[in-house]
Q: 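One structure, pasted below without further comment.
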There are 4 protein chains.
Amino acid sequence: MTDRSVAQEAKRRQLLDAAVRVFARKGFHTARVGDVAEEAGVSHGLLYHYFESKDELLQAIFVATWTELLESLAAVEDSGEPAREQLRQVAAILLRSWRRQPDVVRVIVQEIGRGGELGSRSADLRAVVDSIERIIRRGQESGELRAGLDARLAATIFYGGIDEFLTSWVFGLVPDGDDAVAAAERTLLDVVCGGLAVGAGAPA
Amino acid sequence: MTDRSVAQEAKRRQLLDAAVRVFARKGFHTARVGDVAEEAGVSHGLLYHYFESKDELLQAIFVATWTELLESLAAVEDSGEPAREQLRQVAAILLRSWRRQPDVVRVIVQEIGRGGELGSRSADLRAVVDSIERIIRRGQESGELRAGLDARLAATIFYGGIDEFLTSWVFGLVPDGDDAVAAAERTLLDVVCGGLAVGAGAPA
Amino acid sequence: MTDRSVAQEAKRRQLLDAAVRVFARKGFHTARVGDVAEEAGVSHGLLYHYFESKDELLQAIFVATWTELLESLAAVEDSGEPAREQLRQVAAILLRSWRRQPDVVRVIVQEIGRGGELGSRSADLRAVVDSIERIIRRGQESGELRAGLDARLAATIFYGGIDEFLTSWVFGLVPDGDDAVAAAERTLLDVVCGGLAVGAGAPA
Amino acid sequence: MTDRSVAQEAKRRQLLDAAVRVFARKGFHTARVGDVAEEAGVSHGLLYHYFESKDELLQAIFVATWTELLESLAAVEDSGEPAREQLRQVAAILLRSWRRQPDVVRVIVQEIGRGGELGSRSADLRAVVDSIERIIRRGQESGELRAGLDARLAATIFYGGIDEFLTSWVFGLVPDGDDAVAAAERTLLDVVCGGLAVGAGAPA
DNA sequence: AATGAATGAGTTTTCATTCAT
DNA sequence: TATGAATGAAAACTCATTCAT
């Protein structure tokens, strides 16, 4: 029975992976359930053994990804590092996810980060910005970061920069090799913490 | 005949506005042609007198929005103002002109990324970030902005911040009155130009 | 506009008639929506202009038939005739409906009189028995009918006899010409009013 | 091997009982094979060890129910009792034995009428009414029952009364305790043998 | 210009049945 | 025997698009 459960979980995972690839390639709406099944090498009927509906497939992708992500962010927040270092780690986690699982990022960015199908998930989206906001706020309280700025708005900008990099990569608007990802990370920190203005950016 | 053309153009515009509202509310794929017609208060059959297809509706929205936008940005670039002021104006234009229809922009971006009818338009998309990039680059060349940063990446971050504000408003994650828009604009400039770090942001 | 309404109503009727024929021939579950459309000579898509779903088609058949029927029964009840004559008329109305519209009776008997799809309609079914019960009760009060019997149960038996004749005809278990219908009507009255037992049935 | 056969037969019976309950509750078409399996507490796959198909399940129910029933009726016919007593016993058998599964009878009747897998069974259906008819006819020949009435039609009415009681109970239109069953039986005999009309029903 | 009836390709979903274990 | 994963035919329903009026 555990054997069966394990096998079942593995199969679910396999179908989910296929769905991620197909949704990334064709988009959720354009992809047919049969496409996902074909990609997974099974009949479309089987999908309905493991998932209630096409929508649940998308939800499941989101949940799996987001749960893992939020745990990583919590670990960063609890690390006790300086605010800037924590922000760097947040950026690293999010930006590098593109290299590790570009298809997942693609689906999330296209179908979920945007209004499309899952408006209900907006609360989860907010959780990421919340985390960044807390880091910034603590940095301000500890005197490490400038106090005059609204932490919520600053967090939004920081997250927006990350999101835009991912979007740019997803749409192929900019190069996206390992170096590019590292450069994006560095520049984001530099800009957001140091500022663009001359005389602003004290060496990090 | 001019009279007729004018009336025709007005009607087209009216239908386009309805489409913008509907697509923004439900997303392009989810919205039905009948929804757009209903929103415009006409029969769905009439839409096909003015537009070839549902896709053309999207194209038309894109062209109308983007053309106007790129013209505004070009004017800003040609204004001869300092870089920071130009960035402020860009932020103002984007935040204010899109506040009414941010989801449409998202839908467009998604459709382009997916390579459907709009696949050919991706160059236009990039043009906005290009414009910001040019402003930053000139600011660096004139010595107004720090030279050490990659202008393209910085432009992406700047644009991403704007985009994220729009998203936040759409999802209601943040208040979106006129004051909020002004605050977002101010904070964006402050963060991106001045930096978050203490000692960084000398008042511009 | 009235013109259009009239045409629309006529079309609805036409589709309903086709549905009756098809459901009578193949049964509701076995019949496909496309069969009904084909019978009506239209595309299946058009059915959904006029009816919400396959189920609504069945409901509509029932409602149209039943409304008419209940009106006829009300007229009988209000006629002031003796109870036995009223019962005769009720039997006549119900039994002769088989000759007038056998397909409708077929559908009602198969799909609705039985539990199948429309348990919700049982209240309407009851209305017919209610009507018969009132006639019997008044006959008992006026001294025309024996008082010792439960009017509800007697009404159930009377209605059951009618229903069984219809069922027998539907399933072809007995002859069903005009003469047979008349004989059924006569025998039903004779049995239920006069009784089977010798010495029982004083000539009515 | 006999042991095995016995065990196998018991299991078959158990599955059949489950099927009866489920078909009665949801109707044959609406019920899924999985529902029957669940009701029986086994996997749906196992059903196919005992029955060829869903249709065979229905066939088997029919055969089991009907065989038993016809044997009972034959015993009544052979009992040598007066006609009225025989009719009473028939009513008792049908009302009592079907009270537990009236919908199954309906489902069977419907399926037969529709000419599916059960189309060949319609002769068996008729056999019940045939039996009643013979009892009435013999009663007429022996002088116990009025001769002027068509025995076939009278049998149909008698059977219809029984059927309608079952329907009423299924729909909850009438109380269905043991007392109610007894009252129905008594009234049916009273009405059909004695007649509703005043002066008709000499006390049986 | 304007309407909405009509079409039909395309999609998701269900479920009886099979079969490897 | 017993399980439930796997299959795929079949069916309801949607909706962009056309076209007669």
Side-chain angles (χ1 to χ4, degrees), chain A residues 1 3-5 7-8 10-12 15 29-37 40-57, chain B residues 4 7-8 11 15 29-38 40-57, chain C residues 1 3-5 7-8 10-12 15 29-37 40-57, chain D residues 4 7-8 11 15 29-38 40-57:
Chain A
M1 172 158 169
D3 248 28
R4 187 160 272 169
S5 287
Q8 174 143 348
K11 194 81 183 196
R12 222 184 116 95
L15 298 180
H29 275 107
T30 309
R32 284 161 298 157
V33 170
D35 294 333
V36 175
V42 301
S43 75
H44 68 270
L46 189 58
L47 279 175
Y48 289 89
H49 256 293
Y50 293 90
F51 301 93
E52 290 271 316
S53 65
K54 190 187 174 191
D55 271 335
E56 206 207 279
L57 223 37
Chain B
R4 176 161 291 172
Q8 174 149 346
K11 193 83 184 193
L15 299 179
H29 270 108
T30 309
R32 286 162 298 170
V33 170
D35 293 334
V36 174
E38 193 184 7
V42 301
S43 76
H44 65 272
L46 189 58
L47 278 175
Y48 288 88
H49 273 277
Y50 293 91
F51 301 95
E52 286 276 316
S53 67
K54 192 186 174 190
D55 275 334
E56 206 210 276
L57 219 41
Chain C
M1 172 157 171
D3 248 26
R4 187 161 273 168
S5 286
Q8 173 143 348
K11 195 80 185 196
R12 222 184 116 95
L15 298 179
H29 275 108
T30 309
R32 286 160 296 159
V33 170
D35 294 333
V36 175
V42 301
S43 75
H44 68 270
L46 188 58
L47 278 176
Y48 290 90
H49 256 292
Y50 292 91
F51 301 94
E52 289 271 316
S53 66
K54 191 187 173 191
D55 272 334
E56 206 205 280
L57 223 37
Chain D
R4 175 161 293 173
Q8 174 152 345
K11 193 82 183 193
L15 298 179
H29 271 109
T30 310
R32 288 162 296 171
V33 170
D35 294 333
V36 175
E38 192 184 8
V42 302
S43 76
H44 65 271
L46 189 57
L47 278 175
Y48 288 88
H49 272 276
Y50 293 91
F51 301 95
E52 287 276 314
S53 66
K54 192 186 174 190
D55 275 334
E56 206 210 275
L57 218 42

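Being a predicted model, the structure only gives us computed values, none of them experimental. Numbered from 1 within each chain, the chains take letters A, B, ... in sequence-line order.
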Q: Could you check how far CD of B/E56 sits from P of F/dA16, rounded to whole Å?
A: 15 Å
Q: What is the separation between atom CD on A/Q8 and atom P on E/dT21, rounded to the nearest whole Å?
A: 17 Å
Q: Measure the NZ-NE2 distance between A/K11 and A/H49 for me, rounded to the nearest 0.5 Å.
A: 11.0 Å
Q: If you define the side chain from C-beta out and look only at heavy atoms, does anything of C/S5 sit under 4.5 Å from C/Q8?
A: no
Q: Base, sugar-phosphate or nothing for B/Y50? Non-hydrogen atoms, less than 4.0 Å.
A: sugar-phosphate
Q: Any side-chain heavy atom of B/T30 within less than 4.5 Å of one from A/H29?
A: yes
Q: Atom NE2 of B/H29 and atom C1' of E/dT12: how far apart are they, to the nearest Å?
A: 16 Å
Q: B/A40 and B/L15: which non-hydrogen atoms are nearest, and at how many Å?
A: CB-CD2, 3.6 Å
Q: Take atom CD of B/E38 as the centre, draw a 6.0 Å sphere, and report whether it contains more than 12 heavy atoms from other residues, nucleotides or ligands.
A: no
Q: Within this structure, what is the CZ-to-P distance between D/F51 and F/dT1, rounded to whole angstrom?
A: 13 Å
Q: So, is A/K11 near the phosphate of F/dA6, with a side-chain N or O under 4.0 Å from OP1 or OP2?
A: yes
Q: Distance check, rounded to the nearest 0.5 Å: C/L57 atom CG versus C/K54 atom NZ?
A: 9.0 Å
Q: Can you tell me how far C1' of E/dT14 sits from CG of D/D35, to the nearest Å?
A: 12 Å
Q: What would the secondary structure line of DNA chain E be in dot-bracket form, counting Watson-Crick and G-U wobble pairs under 3.5 Å, with [ ] for pairs that cross earlier ones and | for pairs with another strand?
A: .||||||||||||||||||||
Q: Name the nucleic acid region contacted by B/A31, choosing base, sugar-phosphate or nothing; use a 4.0 angstrom heavy-atom cut-off, strictly under.
A: sugar-phosphate
Q: Is there, by distance only and without an angle test, a donor paired with an acceptor across the side chain of C/H49 and the base of E/dA6 below 3.5 Å?
A: yes
Q: Let's see if you can work this out: which of E/dT12, E/dA16, E/dT13 has an atom nearest to the side-chain heavy atoms of A/R32?
A: E/dT12
Q: Considering only heavy atoms and no angle criterion, is a donor-acceptor pair shorter than 3.5 Å present between the side chain of A/H44 and the base of F/dA9?
A: yes
Q: With nearest nucleotide decided by heavy atoms, which residue, B/G41 or C/V42, maps closer to the 5′ end of DNA chain E?
A: B/G41
Q: First locate atom CD of B/E56, then atom OH of B/Y48, and finally report the distance between them rounded to the nearest 0.5 Å.
A: 10.5 Å
Q: With respect to the phosphate group of E/dT14, does any side-chain polar atom (N or O) of A/Y48 fall under 4.0 Å of OP1 or OP2?
A: no
Q: Considering heavy-atom distances to DNA chain F, does C/S53 or B/S53 have its closest nucleotide positioned more toward the 5' end?
A: C/S53
Q: Measure from the side chain of C/S43, starting at C-beta and using heavy atoms only, and say which of E/dA6, E/dT17, E/dT13 lies closest.
A: E/dA6
Q: Nearest whole angstrom, please: distance from the P of E/dA6 to the CZ of C/R12.
A: 14 Å
Q: Nearest whole angstrom, please: distance from the C1' of F/dA5 to the CG of A/L15.
A: 11 Å
Q: Can you check the D/L46 CG to E/dC19 P distance for me, whole Å?
A: 17 Å
Q: With nearest nucleotides of DNA chain F determined for D/L47 and C/G34 from heavy-atom distances, which residue corresponds to the more 5′ nucleotide?
A: D/L47
